[in-house]
Amino acid sequence: MYPVEKLKTNLGAGYIAVAPTATDPQLGLQEWQLGLSIFAITKAIPKWNLGALVQVPFSVESDFYGVQMQPIAVRLLPNNWYVGWGDLIWTLDDRNGNYNLPINLRIGKVCKIGKQPLNVFLMPFYTPDELRKGPASEWGVKLSFTLLFPKIKIGPVLGNRS
């Protein structure tokens with residue numbers, strides 16, 4: 001991660017590795033993939049986090065590649081509430097021309113259970129016909145509970161400077 005303090009922005013680059021775990025061709029490529037990952041996120045606008053994550057995995061078994069992007073737009077609210085774009089990834093598939101660009105809204109809260117921080121959010125999504133080709137849900141709702149561990153240092157191998 002590379003902080004650009006004057007712009008209140010962080011930039012980063014890394015890698016993506018995808019294991020062939022899909023049980024059906026409509027659920028994934030079923031091939032090993034490796035690729036590049038880049039991101040940028042800024043807090044230049046007070047109470048907002050804005051940015052994007054882009055990944056380009058290439059198959060090591062064929063000539064397939066795809067593009068995946070996650071837009072980031074989160075508005076911080078009082079009492080640890082937030083609202084913003086959800087965490088669904090937009091995908092473009094080189095092999096068959098499929099794409100999926102869901103419209104999603106997330107509302108959540110960071111709270112504690114005892115001393116354990118927890119992120120809870122609800123995210124409805126909709127993907128109109130014009131924004132999807134191939135296997136993708138038109139409507140859906142995601143409910144997420146994520147345990148947060150802010151004091152754990154992972155180390156330089158996984159990208160965290162400690």
Side-chain angles (χ1 to χ4, degrees), residues 1-4 7 9-45 47-77 81-110 118-149 154 157-160:
M1 183 165 56
Y2 180 74
V4 182
L7 300 176
T9 300
N10 285 309
L11 305 172
Y15 55 87
I16 179 174
V18 180
T21 59
T23 56
D24 185 279
Q26 291 190 352
L27 298 175
L29 187 59
Q30 298 178 306
E31 296 178 7
W32 284 97
Q33 300 168 68
L34 299 172
L36 302 174
S37 179
I38 60 170
F39 81 92
I41 189 160
T42 184
K43 295 181 178 186
I45 300 171
K47 299 187 181 187
W48 281 92
N49 293 336
L50 301 170
L53 166 69
V54 178
Q55 301 173 331
V56 184
F58 293 86
S59 173
V60 297
E61 301 175 33
S62 69
D63 62 354
F64 167 84
Y65 72 93
V67 177
Q68 303 169 346
M69 182 185 146
Q70 181 180 357
I72 301 167
V74 178
R75 170 75 162 124
L76 304 175
L77 303 171
W81 284 91
Y82 63 91
V83 63
W85 195 259
D87 64 356
L88 294 180
I89 295 176
W90 291 353
T91 58
L92 303 170
D93 182 337
D94 171 63
R95 173 169 283 182
N96 52 28
N98 288 347
Y99 52 90
N100 184 31
L101 301 127
I103 299 166
N104 50 109
L105 175 70
R106 173 169 52 172
I107 184 163
K109 181 173 176 68
V110 176
L118 177 70
N119 180 16
V120 180
F121 70 82
L122 181 67
M123 183 186 71
F125 67 90
Y126 170 64
T127 312
D129 290 339
E130 299 79 21
L131 296 179
R132 67 183 153 90
K133 178 183 173 207
S137 296
E138 181 178 8
W139 292 94
V141 176
K142 179 178 180 180
L143 175 62
S144 176
F145 298 88
T146 305
L147 296 174
L148 304 175
F149 300 97
I154 295 174
V157 173
L158 296 176
N160 185 3

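One is the number of the first residue; the rest follow in order along the sequence.
Every residue was checked against the side chain to side chain donor-acceptor pair (under 3.5 Å) condition with Lys133, not counting sequence neighbours, and none meets it. Every residue two or more places apart in sequence or in another chain that forms a side chain to side chain donor-acceptor pair (under 3.5 Å) with Tyr82 is listed here: Asn119.
With contacts defined as side-chain heavy-atom distances shorter than 4.5 Å, the pair Arg132/Glu138 qualifies. Leu131 is not listed as a side-chain neighbour of Asn100, based on a closest heavy-atom distance of 4.5 Å or more. With contacts defined as side-chain heavy-atom distances shorter than 4.5 Å, the pair Trp81/Leu76 does not qualify. Looking at Thr9 and Ile41, their side chains never come closer than 4.5 Å, going by heavy atoms from C-beta outward. Contact check for Leu101 versus Thr127: no side-chain heavy atoms found under the 4.5 Å cut-off. Looking only at side-chain heavy atoms (C-beta outward), Val67 and Thr91 stay at 4.5 Å or farther from each other. Side-chain contact check for Pro102 versus Ile89: every heavy-atom pair is 4.5 Å or farther apart.
Leu7 CG: more than 12 foreign heavy atoms inside a 6.0 Å radius. Other residues, nucleotides and ligands contribute at most 12 non-hydrogen atoms within 6.0 Å of the OH atom of Tyr65. Environment of NZ in Lys142: crowded, with over 12 heavy atoms of neighbouring residues, nucleotides or ligands closer than 6.0 Å.
In terms of heavy-atom proximity, Leu36 sits nearest to Ile16 at O-CG2, 3.9 Å. Across Leu88 and Gln70, no two heavy atoms sit closer than the pair O-CG, 4.2 Å. Nearest approach of Ala52 to Met69, heavy atoms of both residues: CB-CE, 4.2 Å. Contact between Asn49 and Lys43 at its shortest, heavy atoms only, is OD1-CG, 3.1 Å.
Within the model, atoms CZ of Phe121 and CG of Leu143 stand 8.5 Å from one another, a figure rounded to the nearest 0.5 Å. Atom OG of Ser144 and atom CG of Asp87 lie 7.0 Å apart (nearest 0.5 Å). Here the CG atom belonging to Leu122 is positioned 8.5 Å from the CD1 atom belonging to Ile107, to the nearest 0.5 angstrom. Taking CG of Asn98 as the reference point, atom CG of Leu92 lies at 10.0 Å (rounded to 0.5 Å). Expressed to the nearest 0.5 Å, how far CZ of Arg106 lies from CZ of Arg75 amounts to 15.5 Å. Separation of atoms CG (Leu118) and CZ (Phe145) is listed at 7.5 Å; rounding is to 0.5 Å.
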Report task. Mind running side chain to side chain contact (heavy atoms under 4.5 Å, CB included) on Val110 and Leu148 for me, showing each step along the way? Result -> CA-CA 9 Å; Val110 176; Leu148 304 175; 4.0 Å; yes

Requested in this report: Please lay out, stage by stage, how Leu50 and Ile72 fare under the test side chain to side chain contact (heavy atoms under 4.5 Å, CB included).
Outcome: CA-CA 5 Å; Leu50 301 170; Ile72 301 167; over 6 Å; no

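Classified by interplanar angle (parallel below 30°, tilted 30° to 60°, perpendicular above 60°), the ring pair Trp90/Trp85 is perpendicular.
A donor-acceptor contact under 3.5 angstrom links the side chains of Ser59 and Glu31, judged on distance only.
Between the side chain of Glu61 and the main chain of Trp32, a donor-acceptor pair closer than 3.5 Å is present. Checked by atom type and distance alone, the side chain of Asn104 pairs as donor or acceptor with a backbone atom of Gly86 at under 3.5 Å. Checking side-chain atoms of Ser137 against main-chain N and O of Trp139 turns up no donor-acceptor pair under 3.5 Å.
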